[in-house]
Amino acid sequence: QVQLVESGGGSVQAGGSLRLSCAVSGHTFIRHCMGWFRQAPGKEREGVGGIYTFTDSTFSTFYATSVKGRFTISQDSAKSTLYLQMNSLRPEDTAVYYCATSASFPCTLSRADYTNWGQGTQVTVSS
């Protein structure tokens with residue numbers, strides 16, 4: 001059974017930083033896509049970015065245009081943990097953030113490609 005548990009959310013002022021973690025069990029990082037999504041009140045859940053881990057544990061990342069250059073995704077497969085480092089946060093980044101696993105390839109930011117989800121963690125950015 002795949003389980004994902006996000007943590008690290010909180011409240012921060014604009015320009016600040018947060019690092020989210022996603023503890024993963026029952027799922028291997030190797031040769032799988034994993035993603036971070038967010039959902040603001042009254043809006044659709046949108047992809048933030050994703051990561052694909054190669055057989056040698058190196059990885060490749062990709063991001064939505066809205067967060068590129070500010071957010072960084074990484075992983076520690078030995079700890080079965082996915083990370084989302086968020087810098088230069090803006091009020092429009094306020095949302096519940098989710099991590100998810102995908103059985104599809106190539107990796108996308110389409111919600112439909114992701115099958116297992118965490119419960120989410122709230123990020124609030126004040127101006």
Side-chain angles (χ1 to χ4, degrees):
Q1 183 180 359
V2 179
Q3 290 190 319
L4 301 95
V5 180
E6 302 94 337
S7 62
S11 296
V12 64
Q13 289 193 325
S17 298
L18 281 174
R19 188 175 82 155
L20 306 184
S21 299
C22 173
V24 182
S25 60
H27 181 82
T28 179
F29 284 39
I30 304 297
R31 299 183 67 188
H32 282 87
C33 305
M34 298 192 67
W36 283 98
F37 289 74
R38 66 185 181 185
Q39 188 165 16
K43 294 189 176 181
E44 294 290 318
R45 192 171 299 187
E46 64 174 359
V48 172
I51 186 168
Y52 178 82
T53 302
F54 299 95
T55 305
D56 63 357
S57 295
T58 59
F59 52 83
S60 177
T61 55
F62 54 99
Y63 301 92
T65 302
S66 59
V67 306
K68 200 167 187 179
R70 300 188 299 122
F71 290 12
T72 303
I73 296 173
S74 62
Q75 57 90 343
D76 184 338
S77 54
K79 295 182 179 180
S80 295
T81 303
L82 185 68
Y83 300 101
L84 178 64
Q85 176 67 43
M86 305 185 293
N87 299 328
S88 303
L89 282 162
R90 305 167 180 168
E92 54 264 38
D93 294 319
T94 295
V96 177
Y97 283 72
Y98 301 87
C99 60
T101 66
S102 171
S104 300
F105 189 83
C107 302
T108 73
L109 287 179
S110 171
R111 180 180 176 180
D113 287 340
Y114 290 79
T115 52
N116 298 291
W117 297 81
Q119 84 289 347
T121 186
Q122 176 71 47
V123 171
T124 303
V125 185
S126 58
S127 57

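Scope of the values below: all heavy atoms of this structure, side chains included, with no hydrogens, waters or symmetry mates.
For Thr81 (side chain) and Lys79 (main-chain N/O), a donor-acceptor pair under 3.5 Å exists by modelled atom type. The backbone N or O of Ile30 sits less than 3.5 Å from a side-chain atom of His32, completing a donor-acceptor pair. No side-chain donor-acceptor contact under 3.5 Å links Thr72 to the backbone of Gln85. A donor-acceptor pair is defined here as one N or O able to donate and one able to accept, closer than 3.5 Å; no such pair exists between the side chain of Gln119 and the backbone of Val5. Although no hydrogens or angles enter the test, the distance criterion places no donor-acceptor pair under 3.5 Å between the side chain of Thr121 and the main chain of Tyr97.
For the atom pair Cys22 SG and Gln75 CD, the distance stands at 11.5 Å (nearest 0.5 Å). Taken to the nearest 0.5 Å, the CD atom of Gln13 stands 9.0 Å off from the OG atom of Ser127. Rounding to the nearest 0.5 angstrom, the gap separating the CG atom in Leu20 from the CG atom in Leu84 is 5.0 Å. Within the model, atoms SG of Cys33 and CG of Leu109 stand 10.0 Å from one another, a figure rounded to the nearest 0.5 Å. For the atom pair Thr101 OG1 and Met34 CE, the distance stands at 6.0 Å (nearest 0.5 Å). Here the OG atom belonging to Ser80 is positioned 10.5 Å from the CG atom belonging to Leu4, to the nearest 0.5 angstrom.
Tested against Cys99, the residues Ile73, Val24, Leu82 include a single side chain to side chain contact (heavy atoms under 4.5 Å, CB included) partner, Leu82. Checking Phe105, Phe62, Phe59 one by one against Tyr52, the side chain to side chain contact (heavy atoms under 4.5 Å, CB included) holds for a single residue, Phe105.
Taking every heavy atom of both residues into account, Arg70 and Leu89 meet most closely at NH1-CA, 3.9 Å. Between Ala40 and Ala95 the shortest heavy-atom distance is N-CB, 3.8 Å. Minimum heavy-atom separation, Ser88 to Ser17: N-OG, 4.4 Å.
In this structure, the side chains of Val123 and Asp93 stay at 4.5 Å or more apart for every pair of heavy atoms. Side-chain contact between Met86 and Val12 is absent, with no heavy-atom pair separated by less than 4.5 Å.
With Tyr98 as the aromatic partner, Arg45 meets the cation-pi criteria of under 6.0 angstrom to the ring centre and within 45 degrees of the ring axis.
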Go through the steps to decide whether Glu46 and Arg38 satisfy the test side-chain contact (heavy atoms from CB on, under 4.5 Å), and finish with yes or no.
-> CA-CA 5 Å; Glu46 64 174 359; Arg38 66 185 181 185; 2.7 Å; yes

Take Thr94 and Gln122, measure what side-chain contact (heavy atoms from CB on, under 4.5 Å) needs, and give me the verdict at the end.
-> CA-CA 8 Å; Thr94 295; Gln122 176 71 47; 4.0 Å; yes

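When ring centroids are compared, Phe71 and Trp36 stay outside the 6.0 Å threshold.
Phe29 and Trp117 fall into different hydrophobic clusters, where Ile, Leu, Val, Met, Phe, Trp and Tyr side chains are chained together by heavy-atom contacts under 4.5 Å.
Around the CD atom of Glu92, the shell of radius 6.0 Å holds more than 12 heavy atoms that belong to other residues, nucleotides or ligands.
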